[in-house]
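In listed order, ligands and their atoms are each counted from 1.
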Amino acid sequence: MSNPDELLRIEGIRKTFPGVVALDGVDFDLRRGEVHVLLGENGAGKSTLIKMLSGAYTPDAGRILAGGEEVRIAGAQDSERLGIATIYQEFNLVPDLTVAENIFLGRQPRRFGMIDRKTMEAEAAVLLERVGVSVSPRARVRELGIARLQMVEIAKALSLNARVLIMDEPTAVLTSEEVEKLFAIVRRLREDGVGIVFITHHLEEIAALGDRVTVIRDGRSVGQVPASTPEDELVRLMVGRSIEQQYPRTRPETGEALLRVEGLTRDGVFHDVSFEVRAGEVVGIAGLVGAGRTEVVRAVFGADPYDEGTVEVAGSALRRHDVNAAMEAGIGLVPEDRKGQGLVLDASVEENLGLVTLRSATRAGLVDLKGQRAAAARIAEQLGVRMAGLGQHVRTLSGGNQQKVVIGKWLLADTRVLILDEPTRGIDVGAKVEIYQLVNELTAAGAAVLMISSDLPEVLGMSDRVLVMAQGRIAGELAAEQATQDAVMALAVGTPSPSDPDSDPDKTDKEAPRGR
Ligand SMILES: Nc1ncnc2c1ncn2[C@@H]1O[C@H](COP(=O)(O)OP(=O)(O)OP(=O)(O)O)[C@@H](O)[C@H]1O
Ligand SMILES: [Mg+2]
């Protein structure tokens with residue numbers, strides 16, 4: 001064996017699904033004590049590759065070597081035996097079990113044949129302490145916010161004493177503070193000699209955390225470079241061209257106020273929220289996690305209740321407070337939780353794209369299926385959805401491509417007021433620019449766009465005006481020219497609250513729109 005530090009080596013791995021070559025000859029290797037980043041566009045094959053290591057899929061061709069010896073990973077047990085622990089893009093926890101039960105699922109400590117809860121909970125507490133998360137081993141997983149789910153997953157991986165830890169976009173749903181915590185844990189594991197495979201679309205994280213980078217394009221490894229490689233070079237390797245302008249906002253003339261929100265209040269959640277968005281405008285909403293941004297836009301869309309206030313579209317108040325009335329008035333919402341709210345996972349791409357339009361067409365009594373299909377094909381092409389065909393189930397699309405379908409659904413429906421909640425989460429750098437271009441086209445055609453984003457450069461780069469929310473209120477409004485990171489943060493932090501949110505993470509978690 002050549003390198004004693006080599007934990008894993010992958011040679012020429014191929015994997016096809018019906019109609020798709022997901023992996024077409026990938027080479028990769030992992031050493032002790034390194035963070036090896038997998039970088040690639042949405043649908044490039046990153047998640048498929050790591051699933052070969054976790055035993056979820058087996059390769060059609062190619063070899064996997066562990067410690068220099070060829071191995072067969074046919075299932076989760078094989079993977080576990082090799083010391084590989086995987087944290088998937090979609091979590092793998094059982095909501096109704098406790099944290100401790102999830103950590104030790106299938107291998108609970110036993111005494112006299114019974115599950116030894118005391119020992120299990122004590123051991124779980126030690127692991128949770130090690131990852132630095134304050135959560136009770138007895139808490140039900142259902143009650144946890146997404147950041148803590150992630151931490152529980154890591155605790156579970158630690159309990160396996162993994163030599164290899166695979167993390168598929170762990171930071172996509174974390175706030176910057178949580179990202180720092182996660183990085184600290186990863187660095188500690190690296191010092192302990194663990195090899196870490198890390199997938200991310202946030203390029204700045206690569207230099208901050210990584211050692212080496214393997215770039216995957218269209219199912220092939222196209223390069224292996226040090227993590228210190230400049231970002232524009234990484235982008236070029238990844239998308240095959242350079243990206244000139246990351247935030248290509250073009251500002252059209254603005255027209256009438258298409259969305260007007262007046263005095264919107266939901267007791268204990270948000271208070272006296274008023275704003276408008278004009279035709280042609282992009283209004284951004286910035287704020288810290290827990291500021292109430294998601295709750296406000298869900299209320300506007302009729303998905304959540306409010307106690308007082310009005311919502312008007314193009315001058316007329318919504319007739320009822322429900323999603324149907326909002327959609328009839330031309331409001332669309334791309335939710336932050338696409339899996340839970342935005343998609344029907346076991347329906348096809350075409351069916352998902354037609355979810356909104358088909359509803360109204362069916363009601364009007366005319367369903368032009370051919371027209372539907374043509375429109376779906378056009379929008380999928382425009383968005384660059386990577387798929388085998390319009391009939392592919394959305395569940396089997398890559399994460400980023402699922403997000404494109406959620407956005408496409410509203411684009412097809414001639415939405416007048418489009419609300420985007422964290423629209424580019426999990427989206428690769430090239431596809432982000434495509435989504436921004438779509439926002440430009442929408443507003444040029446007279447639509448109004450309201451965009452929540454915790455990605456500050458994105459809000460600043462794409463908004464014509466920025467509203468900053470803090471503790472359920474609009475703390476201020478900044479014109480594009482005044483909106484700097486510092487100005488936004490000053491408003492977002494707002495008046496110092498009596499209890500530091502840090503000292504009470506339970507509270508933050510519950511309120512948290514899972515922002516970043
Ligand atoms: N079970 C499956 N059936 C059919 N196609 C699949 C299946 N799993 C993955 N694919 C396809 O394989 C390709 C690679 O997907 P994969 O999830 O590995 O991409 P990714 O690089 O992780 O992308 P993202 O950054 O969006 O998460 C995609 O075209 C996807 O649609
Ligand atoms: Mg993926």
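Within the 4.0 Å heavy-atom shell around ligand 1 one does not find Arg395. Between Glu41 and ligand 1 there is a heavy-atom distance shorter than 4.0 Å. The closest approach between any non-hydrogen atom of Leu397 and ligand 1 is below 4.0 Å. For Met387, the heavy-atom gap to ligand 1 stays at 4.0 angstrom or more. At least one heavy atom of Glu169 sits closer than 4.0 Å to an atom of ligand 1. Look at Lys15 and you'll find every heavy atom at least 4.0 Å from all atoms of ligand 1. The shortest heavy-atom distance from Gly40 to ligand 1 is not under 4.0 Å.
None of Thr396, Val394, Asn42 except one satisfies the side chain to side chain contact (heavy atoms under 4.5 Å, CB included) rule with Asn401; the exception is Asn42.
Judged by distance alone, the side chains of Gln224 and Asp29 do bring a donor and an acceptor atom under 3.5 Å apart. In this structure, a donor-acceptor pair under 3.5 Å is present between the side chains of Glu205 and Thr171. For Tyr436 and Glu458, the side-chain atoms include at least one donor-acceptor pair closer than 3.5 Å.
Between Phe28 and His36, the two ring planes are tilted [angle within 30° to 60°].
Listed by atom number, the atoms of ligand 1 under 4.0 Å from Gly400 heavy atoms are 26 (O). The ligand atoms of ligand 1 that sit less than 4.0 angstrom from a heavy atom of Ser47 are 17 (O), 18 (O), 20 (P), 22 (O). Remark: ligand 1 atoms within the under-4.0 Å shell around heavy atoms of Arg386 are 13 (C), 28 (C), 29 (O).
The list of salt bridge (Lys or Arg N to Asp or Glu O under 4.0 Å) pairs with a residue in residues 398-408, not counting sequence neighbours, is empty.
The backbone and the side chain of Thr396 each have at least one atom closer than 4.0 Å to an atom of ligand 1 (non-hydrogen atoms only).
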| said: With salt bridge (charged side-chain N to carboxylate O under 4.0 Å, His left out) as the criterion, how do Arg190 and Glu34 come out once you've worked through the C-alpha distance, each side chain's angles and the decisive distance to 0.1 Å? | reply: CA-CA 6 Å; Arg190 168 168 61 189; Glu34 80 163 337; over 6 Å; no
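Checked by distance only, ligand 1 and Ala22 stay at 3.5 Å or farther apart across all their nitrogen or oxygen atoms.
Each protein N/O/S atom under 2.8 Å from the Mg ion (ligand 2) was counted, for a total of 2.
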